[in-house]
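One structure is given below, encoded as structure tokens.
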Amino acid sequence: MATTTYREAMREAMRDAMRRDERVFLMGEDVGAYGGCFAVSLGLLEEFGPERVRDTPLSESAFVGAGIGAALGGMRPIVEIMTVNFSLLALDQIVNNAATLLHMSGGQCNVPIVIRMTTGAGRQLAAQHSHSLEGWYAHVPGLRILTPATVDDARWMLWTALEDPDPVLMFEHGGLYGMEGELDEALGPVDITRAAVRRRGADVSVITYGGTLPVATAAAEELAARGVDAEVIDLRTLRPLDDETILSSVARTHRAVVVDEGWRTGSISAEISARITEAAFYDLDAPVSRVCSAEVPMPYARHLEEAALPRVPDVLRAVEEMGLGG
Amino acid sequence: MATTTYREAMREAMRDAMRRDERVFLMGEDVGAYGGCFAVSLGLLEEFGPERVRDTPLSESAFVGAGIGAALGGMRPIVEIMTVNFSLLALDQIVNNAATLLHMSGGQCNVPIVIRMTTGAGRQLAAQHSHSLEGWYAHVPGLRILTPATVDDARWMLWTALEDPDPVLMFEHGGLYGMEGELDEALGPVDITRAAVRRRGADVSVITYGGTLPVATAAAEELAARGVDAEVIDLRTLRPLDDETILSSVARTHRAVVVDEGWRTGSISAEISARITEAAFYDLDAPVSRVCSAEVPMPYARHLEEAALPRVPDVLRAVEEMGLGG
Amino acid sequence: MTGLDGAHATHLLEQMLRVRRMEERCAELYTQTKIRGFLHLYVGEEAVAAGILENLGPDDAVVATYREHGHALLKGTPMTAILAEMYGVAEGCSGGRGGSMHLFDAANRVYGGNAIVGGGLPVAVGLALADKLAGRDRVTACFFGEGAVAEGEFHESMNLAALWDLPVLFCCENNLYAMGTALARSESQTDVAIKAAAYEIPSWPVDGMDVLAVDHAAARAVDAVRNGGGPHFLELRTYRFRAHSMFDAERYRDKAEVRTWRERDPIDLLADRLRQEGLLDDAGLADIEARVAAEVDGAVAFAEAGTLEPVETLTRFVTSEPHAGREVR
Amino acid sequence: MTGLDGAHATHLLEQMLRVRRMEERCAELYTQTKIRGFLHLYVGEEAVAAGILENLGPDDAVVATYREHGHALLKGTPMTAILAEMYGVAEGCSGGRGGSMHLFDAANRVYGGNAIVGGGLPVAVGLALADKLAGRDRVTACFFGEGAVAEGEFHESMNLAALWDLPVLFCCENNLYAMGTALARSESQTDVAIKAAAYEIPSWPVDGMDVLAVDHAAARAVDAVRNGGGPHFLELRTYRFRAHSMFDAERYRDKAEVRTWRERDPIDLLADRLRQEGLLDDAGLADIEARVAAEVDGAVAFAEAGTLEPVETLTRFVTSEPHAGREVR
Ligand SMILES: Cc1ncc(C[n+]2csc(CCOP(=O)(O)OP(=O)(O)O)c2C)c(N)n1
Ligand SMILES: Cc1ncc(C[n+]2csc(CCOP(=O)(O)OP(=O)(O)O)c2C)c(N)n1
Ligand SMILES: [Mg+2]
Ligand SMILES: [Mg+2]
């Protein structure tokens with residue numbers, strides 16, 4: 001065990017991957033000379049050189065598509081899109097090529113690419129730079145969507161993702177990079193198909209992922225003080241969703257709150273709510289509750305942004321409304 | 001009342017709009033000389049000329065963005081994206097400009113644009129040409145999402161949409177263009193904020209929109225024969241959703257089935273299911289059921305495509321599973 | 001070009017005829033509803049695929065558009081598998097899941113069949129990047145229409161290929177129309193070769209109706225690309241004799257224009273030349289036509305005998321099988 | 001340029017100083033966390049905005065990037081409203097919802113403040129299209145960095161503007177770097193003006209450190225655009241003296257390079273020239289600095305006195321009010 005940051009864990013994961021496999025290379029805007037927009041790839045250029053730590057022009061569609069082509073050509077590209085906001089420019093390549101080539105070709109052309117991007121709000125970057133669209137991507141068959149929320153997952157999910165023969169998207173919440181945690185250096189490649197129970201509890205299942213895991217955990221502590229024993233589930237993967245872990249938790253707690261930084265309408269939390277209701281309707285003591293972002297383009301002003309985002313008091317209120325800890 | 005097709009109704013709506021308002025113009029790929037990819041704009045070039053029926057190059061991002069700019073400049077553009085599949089190339093302009101400009105500018109810059117596009121599958125066009133992404137767009141604050149499913153809505157929704165000071169997206173299911181119906185020529189601009197009850201019923205609410213309205217209606221007829229009285233709700237607008245109409249129906253029927261051509265996971269039907277459960281949990285006799293497309297890039301082979309799409313038997317099965325008409 | 005290699009030219013003639021007769025049969029099969037969805041035919045443009053693919057080897061790759069039947073066929077995909085694909089049967093080259101617009105054949109390095117205009121260009125750039133990183137001297141040929149030149153992906157892909165000096169041969173099939181949009185109504189600069197030059201990519205226009213000219217230009221370009229010359233760009237000036245797809249009333253061009261171009265039918269041009277030089281006679285041509293007709297009939301028979309994939313396996317190929325999922329550690 | 005209009009030149013000097021001193025104060029306020037989010041400063045590039053905006057009238061429009069403080073200020077947005085916006089208060093030009101990257105001012109036709117590289121170009125094309133359709137002789141000036149040239153939206157927008165002959169003035173602020181990416185590592189063709197020419201758009205490079213040269217070039221270009229000459233393109237060769245944003249360690253360029261460029265500080269260049277020609281003395285410069293300092297102090301005071309919008313109105317401006325919803329008929 002060693003203390004490290006989420007940023008360093010992610011960097012170590014990439015370094016490790018490039019050392020382990022000649023076919024792996026990193027490509028994206030300012031991953032090299034600049035040192036990485038969020039300093040995640042800092043130092044990799046010096047170790048692996050400009051061919052394998054490849055700075056790209058501002059051409060999201062072309063370099064993501066080039067990653068897809070390189071994967072078809074036998075490489076194992078890690079393509080970094082600086083932030084999810086810019087991924088909209090590459091969406092055609094992701095949805096119409098990465099996600100469909102295997103199927104359209106009748107199983108001949110799999111696309112072993114890993115696409116990483118920063119997601120989320122909370123840093124006063126305003127409407128165009130604060131999207132949380134991982135839930136959108138989770139709608140698309142053919143894609144695997146990962147949301148590492150701990151230093152262990154930041155360090156070890158990439159290995160498994162690179163072994164996946166199909167496209168994997170990794171969403172890294174910008175607010176997590178500076179987070180410190182205990183890293184299990186011996187862990188090795190981890191399962192990327194299962195959710196994790198981060199805190200055991202009996203009264204209510206608080207289901208979340210990525211940037212709002214700290215919010216859910218803090219809320220659980222607060223609830224404990226109020227005598228409410230909350231279970232915290234970190235989804236880890238949004239596609240496919242790990243129904244088993246979600247449902248077995250709800251079967252015990254009979255109550256669920258989904259915490260999600262996406263806009264409420266059409267969010268991944270809606271899917272989770274619908275699935276729980278479909279599978280566990282008669283076990284539920286209360287309707288599944290959602291704590292999401294307000295439906296507004298993210299405002300710049302700090303107090304407005306804070307008001308728009310799902311925070312601890314919002315989770316507490318949702319639990320109270322279920323008749324717990326009030 | 002006169003019999004017309006959905007295609008002609010849509011064309012008449014555009015002709016009418018351009019005659020009524022000098023600021024209105026139509027822009028898109030092959031809307032002019034070709035006669036419209038699906039012949040919707042056939043004849044408009046001859047009447048209004050190339051300035052107002054403007055063929056564009058294959059540049060989805062630029063001509064959609066140009067529509068946004070033209071709207072800021074005082075025009076009332078109708079931008080046609082040939083199909084929703086290509087709208088992915090314009091998504092940045094729609095999400096980061098059309099939907100955000102009003103907010104980012106503190107209310108100064110509204111964007112009165114109408115963006116029309118064909119959506120849906122069913123014509124063996126395979127994985128890249130069969131998307132149903134209107135549910136995705138319904139996730140975005142700042143956009144209004146319309147899904148005309150009748151000749152009256154095809155004919156009259158556009159008028160109201162063009163009077164809207166904010167961006168409106170209209171999704172026209174490709175399978176509807178040839179559909180004939182009775183047009184109320186005297187109707188005039190219609191409300192674009194409310195869902196419509198297309199068939200009254202007491203036993204179950206079948207909630208749908210666009211291309212699957214005929215499916216829901218046919219299923220309702222079949223159910224009637226089985227002694228099940230189904231209510232059919234045509235959402236008409238996916239954003240904002242008309243909760244009032246949906247919930248008042250469910251309050252009477254206590255059962256709901258959502259029929260949606262989108263992929264199940266993360267579909268708009270998940271949102272509808274979650275909302276109904278949140279608001280009417282204790283009224284429900286059964287969990288809300290969803291009939292969606294299989295989670296697969298659309299295959300070309302007809303029998304596989306048919307198997308992937310939500311069809312009448314699927315709706316009947318969903319209702320049976322609720323213990324009705326079995 | 002000096003002299004004329006009769007055997008080689010005759011071979012090119014046969015290649016063009018294989019595409020022509022296959023496409024003509026596809027049109028019939030479409031009206032018989034044996035083929036469904038969108039169908040885009042290559043009739044009139046055969047010299048382009050024939051001349052360029054003649055210069056590619058089995059290890060070279062092809063990325064094409066929805067108008068790709070000829071490219072797949074001439075890259076080595078059996079006509080049987082192509083027809084079967086359009087029938088939507090399991091024996092198709094894409095297992096019946098792709099259809100006319102998505103012919104794939106990994107063994108022959110045919111990477112589709114992309115139905116998003118411009119969508120194949122970045123993929124071709126990536127295939128070439130993989131070759132460069134792996135130190136292989138393979139070439140990736142990317143076919144696209146002149147309409148794709150207006151797309152942002154064209155611009156981004158040209159720049160990446162040139163900036164990174166990648167082994168891509170860009171083949172712009174300039175048939176003057178993008179559906180109903182004439183080049184002059186879609187580009188401020190209608191000289192496509194000049195556009196490519198703006199990326200410092202060597203580019204030159206080629207008479208796309210003269211298969212020998214295409215063959216000659218392709219030989220030079222492929223050679224340069226393979227030997228580290230970086231991306232090259234060919235503008236193939238050709239014409240689509242038939243409608244854009246099966247739903248096109250052709251309001252945007254007049255019959256006279258089509259007639260004029262038909263006078264430069266690439267197949268007739270070469271056949272006449274061979275005749276003039278005494279390298280082909282009616283009997284010889286009849287032999288070729290007979291061979292081609294037999295191949296087409298055989299392909300149709302193969303497709304007719306095809307089997308439908310069971311509905312139970314609908315969701316196959318959404319992800320690869322077996323899956324790389326791991327145990328929790 | 002022949003002769004030097006002292007009053008005009010002195011005015012341009014003051015305009016550049018207004019931007020410079022405002023930006024310097026913004027940097028201080030950022031370290032004091034009065035300003036948050038991303039902050040991109042224009043220090044070193046002032047001659048570009050000063051020279052071009054000098055040639056636009058109140059009815060002309062501006063579309064800029066996240067590095068747009070100077071453009072808004074010189075288009076007429078009060079410094080008070082700009083500082084208040086960065087403070088996130090209701091008195092800001094965007095009501096505190098946009099912040100540093102999204103300054104809007106409809107009254108002065110400042111259409112942002114776009115934080116998606118390349119995202120403003122199609123919008124500028126559309127504003128110009130509206131003017132053309134309405135028969136107005138207004139000009140839309142679109143500012144963007146050289147990094148945007150690699151984006152597909154640049155290509156698509158250039159082509160549309162040229163194809164439709166629209167009144168847009170494209171102003172490429174070539175400061176040689178896109179964050180840490182030098183132009184030569186992002187473009188196969190590094191001569192940006194040549195790229196524009198490939199769309200048949202008249203384009204020429206301008207010394208972006210010489211405000212008189214920019215003013216002169218802009219006068220010609222704006223005049224041509226306004227009089228139906230179609231889009232024009234100016235490549236303004238300049239340099240960013242400070243980091244890209246407040247989170248940039250500047251690993252990608254060395255101090256010497258920055259020093260060399262600082263020797264061509266646009267403000268010093270003009271001030272020295274005015275001195276040489278005896279059109280400005282220390283007292284005169286001191287007066288200007290005093291006026292500018294007062295304006296900046298006043299703006300900061302205004303921002304400090306700003307009020308926060310109540311949280312209750314969080315979801316305002318998602319849609320316009322009052323809404324156009326209709327009764328059911
Ligand atoms: C991004 C995108 N926009 C629009 C379409 C619809 N479409 C299909 S083919 C075509 C014309 C393309 O013309 P060109 O590139 O010249 O190729 P050609 O058909 O002439 O071979 C269009 C507009 C599409 N498939 N993809
Ligand atoms: C589409 C997109 N990709 C990436 C970014 C992140 N980013 C912000 S500014 C910038 C550099 C832009 O450089 P340039 O266009 O030269 O403008 P400059 O900052 O030099 O003025 C980048 C990569 C973005 N905002 N938008
Ligand atoms: Mg063409
Ligand atoms: Mg720059």
Side-chain angles (χ1 to χ4, degrees), chain A residues 28-39 41-43 45-46 50 54-63 65 82-83 85-90 92-93 121-131 177 263-264 293-309, chain D residues 35-38 66 85-90 92 94-102 112-119 145-154 177-183 185-188 244-245 247-253 308-318:
Chain A
E29 290 161 7
D30 292 306
V31 295
Y34 188 87
C37 179
F38 301 99
S41 55
L42 185 61
L45 172 67
E46 292 67 17
R54 184 173 289 265
D55 279 324
T56 66
L58 277 139
S59 307
E60 286 77 6
S61 195
F63 72 73
M82 198 178 278
T83 78
N85 312 290
F86 319 140
S87 75
L88 296 180
L89 292 163
D92 171 61
Q93 286 296 326
R123 290 163 299 145
Q124 287 191 257
L125 303 183
Q128 294 182 328
H129 273 54
S130 302
H131 295 301
Y177 286 126
W263 290 306
R264 182 187 184 89
S293 282
E295 307 217 14
V296 58
M298 201 55 69
Y300 162 72
R302 187 196 194 107
H303 67 297
L304 294 179
E305 180 177 43
E306 279 304 308
L309 293 169
Chain D
I35 297 175
R36 309 298 302 270
F38 285 156
Y66 44 83
E85 186 55 36
M86 295 194 231
Y87 268 63
V89 292
S94 302
R97 291 175 183 262
S100 164
M101 303 197 289
H102 303 299
N114 196 305
I116 302 298
V117 172
E146 87 295 336
V149 169
E151 291 283 3
E153 287 188 322
F154 166 85
Y177 294 90
M179 279 184 69
T181 305
L183 182 59
R185 294 194 301 112
S186 76
E187 291 293 335
S188 59
H244 165 72
S245 71
F247 306 98
D248 172 6
E250 296 188 69
R251 294 187 177 79
Y252 49 85
R253 63 184 188 183
L308 294 182
E309 185 176 348
V311 168
E312 292 60 42
T313 54
L314 169 64
T315 58
R316 261 186 93 185
F317 308 132
V318 174

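First the proteins, then the strands, lettered A, B, ... as listed; each starts at 1. In what follows, every heavy atom counts, from backbone to side chain, and hydrogens, waters and symmetry copies are set aside. All values reported here derive from a predicted model rather than from experimental measurement.
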The interface call for Ser59(A) against chain D, heavy-atom contacts under 4.5 Å, is both
Check each atom of Leu88(A) against the heavy atoms of chain D and say whether the ones under 4.5 Å are side chain, backbone, both or neither.
neither
Leu45(A) portion near chain D, given a 4.5 angstrom heavy-atom threshold
neither
Which atom of Val318(D) lies closest to which atom of Glu295(A), heavy atoms considered:
CG2-O, 3.6 Å
Using non-hydrogen atoms only, which part of Tyr87(D) is less than 4.5 Å away from chain A: side chain, backbone, both, or neither?
backbone
Below 4.5 Å from any heavy atom of chain A, which atoms of Glu309(D) appear? Answer side chain, backbone, both or neither.
both
Winner by heavy-atom pair count (cut-off under 4.5 Å) against chain A, out of Thr313(D), Leu308(D), Thr315(D):
Leu308(D)
At their closest point, which heavy atom of Leu314(D) faces which heavy atom of Pro299(A), and how far apart are they?
CD1-CG, 3.8 Å
Apply side chain to side chain contact (heavy atoms under 4.5 Å, CB included) to the pair Gln128(A) and Asn114(D), showing each step before the final yes or no.
CA-CA 8 Å; Gln128(A) 294 182 328; Asn114(D) 196 305; 3.4 Å; yes
CD of Gln124(A) to OG of Ser100(D), rounded to nearest 0.5 Å, is 11.5 Å
Engaged part of Phe247(D) at the chain A interface, taking heavy atoms whose separation is under 4.5 Å:
backbone
Give a yes or no on this: more than 12 heavy atoms of other residues, nucleotides or ligands lie within 6.0 Å of atom CZ of Arg302(A).
no
Between Tyr300(A) (side chain) and Arg36(D) (backbone), is there a donor-acceptor pair under 3.5 Å?
yes
Mind listing the closest non-hydrogen atom pair of Asp248(D) and Tyr34(A) along with its distance?
CB-OH, 3.3 Å
For the student: nearest non-hydrogen atoms of Ala178(D) and Leu58(A), plus distance
CB-CD1, 4.0 Å
Looking only at heavy atoms, the pair that brings Gly88(D) and Ala301(A) closest together is O-CB, 3.4 Å
Side chain from CB out, backbone as N, CA, C, O: work out which of these in Met179(D) comes under 4.5 Å of a heavy atom of chain A, or both, or neither.
both
Measuring heavy-atom distances to chain D, does Ala294(A) have an atom under 4.5 Å in its side chain, in its backbone, in both, or in neither?
side chain
For residues Arg97(D) and Ala126(A), report the shortest heavy-atom separation together with the two atoms involved.
O-CB, 4.2 Å
Enter the distance from Glu151(D):CD to Leu89(A):CG here, rounded to the nearest 0.5 Å.
5.5 Å
Using a 4.5 Å cut-off on heavy atoms from C-beta on, say whether the side chain of His303(A) contacts that of Val311(D).
yes
